[in-house]
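Encoded as structure tokens, the structure appears first; notes follow it.
Every number for a ligand or one of its atoms is a count from 1 in the order of the listing.
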Amino acid sequence: MKAAGVNSVTLGVFSWAKLEPKPGAREFGWLDRLMDLMYDNGIGVVLATPTSSPPPWMGRLHPDTLPRDEDGRTEWWGGRQHFSHSSATYRRYAAAITEDLAARYGSHPALTMWHINNEYCTYDWGDEAATTFRRWLQDKYDTLEALNTAWGTAFWSQGYGDWDEVLPPRHAHYLKNPTQVLDFKRYTSDMLLECYVAERDIVRRHTPHIPVTTNFMPMWVGQDAWKWAGEEDLVSVDMYPDPRDPFGAQNGALIQDMTRSQARGGPWMLMEQAAGPVNWRGVNHPKPRGLNRLWSLQSVARGADAVCYFQWRQSRQGAEKFHSGMVSHAGEEGRTYQEVKRLGAELAALGPEVTGSHIEADVAILHEWNAWWAGAQDGRLSSEVDYPQVVRAWHRALWEAHLTTDFAHPEHDLSAYKLVVVPQLYLLTDAAIDNLLSYVRAGGTLVCGFLTGVADEDDRVRPGGMDARLRELFGIRTLHEWWPLDAGETAECDGFRGTLWSEELEAARDAELIVPYKGGELDGLPALLRKGRAWYLSTLPEPPALRDLLADVAAGTGVRPPLDGLPAQVEAVRRGELLFVFNHGRETVTVEVPDTHRDVLTGEQVTGSVELARYGVAVLAP
Ligand code: GLA
């Protein structure tokens, strides 16, 4: 580890059975030894609470700690994460082991950070969950009448006369009540957050000076990460883009941009990545030479102050024995470790120049979980419309235009951004709509995609199929019908082809028709229209068209890429004083850079241009 420049190690994730082999017993000896060993070698410890994988005895003695799926099946021990967030017994045991860990290691000199649980991502439809769901609903609605109104239970004879009739949305004959499902998703995220907060508060009581985090799964559907991030001292994320994905680098950039934004611009931590293959895709490819370095430095460029991996040594047993580690089965001579080691030396050199510095983005992409949850349900017009894919398409367009973007919640202050884009926010609160209106009124430019502002907070369709204030903003007189497109089908427009969706829109008199549909039922109607600084796209243009459109609108607001004339496979990002330049391609490229710089990685002077070989990176200081 020292040879590879490792200065931080996470310990204790999933170690509950080792720490508490019998109910109430404590076995800390092995962890004492590891904590001391780390400290003696100058390595800090991110100490995890073990609570994401309860020991087998717990399930056996306390079946109430095991979650049930929507069909009523139990999730048994033998894998991991088989805990019910609602189980009072689970929470009691989790608090007790957390308390004892914090008491024992709170003053250990190796301790640098707390890592609570791991990738909170469980659901529970069981009986105890039904009780906590009802409690959550009572807090929210106060009366059953209010719940019946919000859920629209007049439809299909769903009216509730007693709180005990209310259930988690379990297996049902046909479509479930969408607001019930939406509330269940909100509730699940909140229940898991309660588990996190309970443990966080315990460790904070012992060590108020030590930061606390829990690792997010990127764009994970089950967790409102905006809300969660507010409860963390430091935001961390696990990233596993597919080495074979032609847009792997862009997907990585999206996660990095989103994590940085959840940290509200502050530094964040890449808690996990794979040095080589994962073992959970259908086919798991290794990272070709240089890719681990490229993607690790990309995280640094986009704000990470730590680059970590899952796992140190590839394990020889258990379910993840074919998941890579920093030291692979090939051992220290293996290419994976050799590359990890070289990167460690580079990170050590880069650290002092970059740590704590910020990224300024002029463009924000709006993203929000309630909109995702409500929009992704059954019973809608097209199952081809996949929210994360739509967000990815918009981020990709901006990434290919070489523009650095933040993500923002639709109720955040947007005034710092010259351009705000909304790929799709099916559900918008009144506060969010007001926020968008004031942003444009104050001089901001807004580009908005289809299926936005359709529903209110209760997933009730807004009159007109889209909020009236938004229609007024974009210059839409009437939204007559939605015309979803089949998989692979395109809608011909004047200048590009639309995918996924189209709309029968009638423009208001004060709107400007920018791109009409060409031919077919929608001939001449607006695919793209604008009213002043508010633009509306009723389809998803194919990638080059969306890129060019957003690049043009951005240029009109004065937003420019960090360098002019960047080749397609090159990414350039400014972090603080440093300009990071990446070649994501396999061909050598020459990138023009004005003035003279010092390449922090090589120590050489760079004048006029820099040559980047396959997967090459330059980090240029003024
Ligand atoms: C997650 C977990 C790790 C490991 C990796 C495998 O990120 O936190 O324990 O299972 O996935 O990719």
Side-chain angles (χ1 to χ4, degrees), residues 6 8-19 34 45-55 75 77-83 85 94 113-123 192 195-196 199 212-223 225 228-229 232 234-245 248 251-252 254-256 258-259 262 268-287 291-292 295-296 299 304 306-329 336 340 388:
V6 171
S8 180
V9 156
T10 300
L11 291 180
V13 181
F14 306 124
S15 330
W16 204 342
K18 277 213 157 294
L19 292 169
L34 288 181
V45 173
V46 178
L47 188 57
T49 63
T51 51
S52 57
S53 210
E75 291 186 0
W77 60 92
R80 69 178 192 190
Q81 290 160 314
H82 47 281
F83 67 90
H85 51 59
M113 196 182 297
W114 289 107
H115 171 120
I116 305 295
N117 200 283
N118 192 69
E119 292 190 339
Y120 279 101
C121 62
T122 55
Y123 292 86
L192 293 170
C195 292
Y196 162 79
E199 293 185 28
V212 187
T213 191
T214 183
N215 48 343
F216 289 156
M217 284 194 279
M219 265 203 106
W220 165 246
V221 67
Q223 194 178 43
W228 279 66
E232 292 184 282
L234 195 112
V235 177
S236 60
V237 76
D238 301 343
M239 272 185 54
Y240 295 97
D242 186 347
R244 281 282 178 99
D245 179 352
N251 270 325
L254 182 154
I255 297 161
Q256 293 151 10
M258 193 175 281
T259 309
Q262 283 153 2
W268 53 277
M269 181 167 177
L270 175 57
M271 181 66 90
E272 290 184 20
Q273 62 171 338
V278 298
N279 70 330
W280 41 260
R281 294 196 169 96
V283 179
N284 297 285
H285 300 284
K287 285 181 166 164
L291 192 66
N292 182 47
W295 285 0
S296 297
S299 282
V307 172
C308 311
Y309 298 84
F310 169 79
Q311 53 193 327
W312 165 243
R313 195 189 301 280
Q314 194 163 22
S315 47
R316 292 178 55 212
Q317 287 189 291
E320 291 184 324
K321 57 186 179 295
F322 294 114
H323 190 294
S324 58
M326 296 160 80
V327 183
S328 69
H329 290 311
T336 301
V340 161

For this session: Under the ring pair (Phe, Tyr, Trp, His ring centres under 6.0 Å) rule, what do F310 and H323 come out as? Steps first, then yes or no, please.
Result: CA-CA 9 Å; F310 169 79; H323 190 294; 4.9 Å; yes
For this session: Could you go through the side-chain hydrogen bond (donor to acceptor under 3.5 Å, both in side chains) check for E199 and N117 one step at a time?
Result: CA-CA 9 Å; E199 293 185 28; N117 200 283; 4.5 Å; no
For this session: Would you please determine whether Q311 falls within less than 4.0 Å of ligand 1 on a heavy-atom basis?
Result: no
Specify the protein heavy atom at minimum distance from [atom]: its residue, its atom name, and the distance to 0.1 Å.
atom                   : answer
atom 6 (C) of ligand 1 : H323 NE2, 3.1 Å
atom 7 (O) of ligand 1 : E272 OE1, 2.3 Å
atom 4 (C) of ligand 1 : E320 OE2, 3.3 Å
atom 5 (C) of ligand 1 : Y240 OH, 3.5 Å

For this session: Could you tell me whether a side-chain N or O of Q262 sits under 3.5 Å from a main-chain N or O of W268, the two making a donor and an acceptor?
Result: no
For this session: For H82 and P54, indicate whether the former's side chain and the latter's backbone hold a donor-acceptor pair under 3.5 Å.
Result: yes
Looking only at heavy atoms, is any part of [X] under 4.0 Å from ligand 1, and if so is it the side chain, the backbone, or both, or is it neither?
X    : answer
N118 : side chain
R80  : side chain
M217 : neither

Seminar exercise, completed: Separation between CD (E119) and CD (E272), nearest 0.5 Å, reads 5.5 Å
Seminar exercise, completed: Within 4.0 Å of some non-hydrogen atom of F14, the atoms of ligand 1 are 9 (O)
Exercise. Hey, mind stepping through E232 and T213 against side-chain hydrogen bond (donor to acceptor under 3.5 Å, both in side chains) and telling me if it holds?
Worked result: CA-CA 5 Å; E232 292 184 282; T213 191; 3.0 Å; yes
Problem set entry | Exceeds 12 heavy-atom contacts within 6.0 angstrom, atom CZ of R244 | no
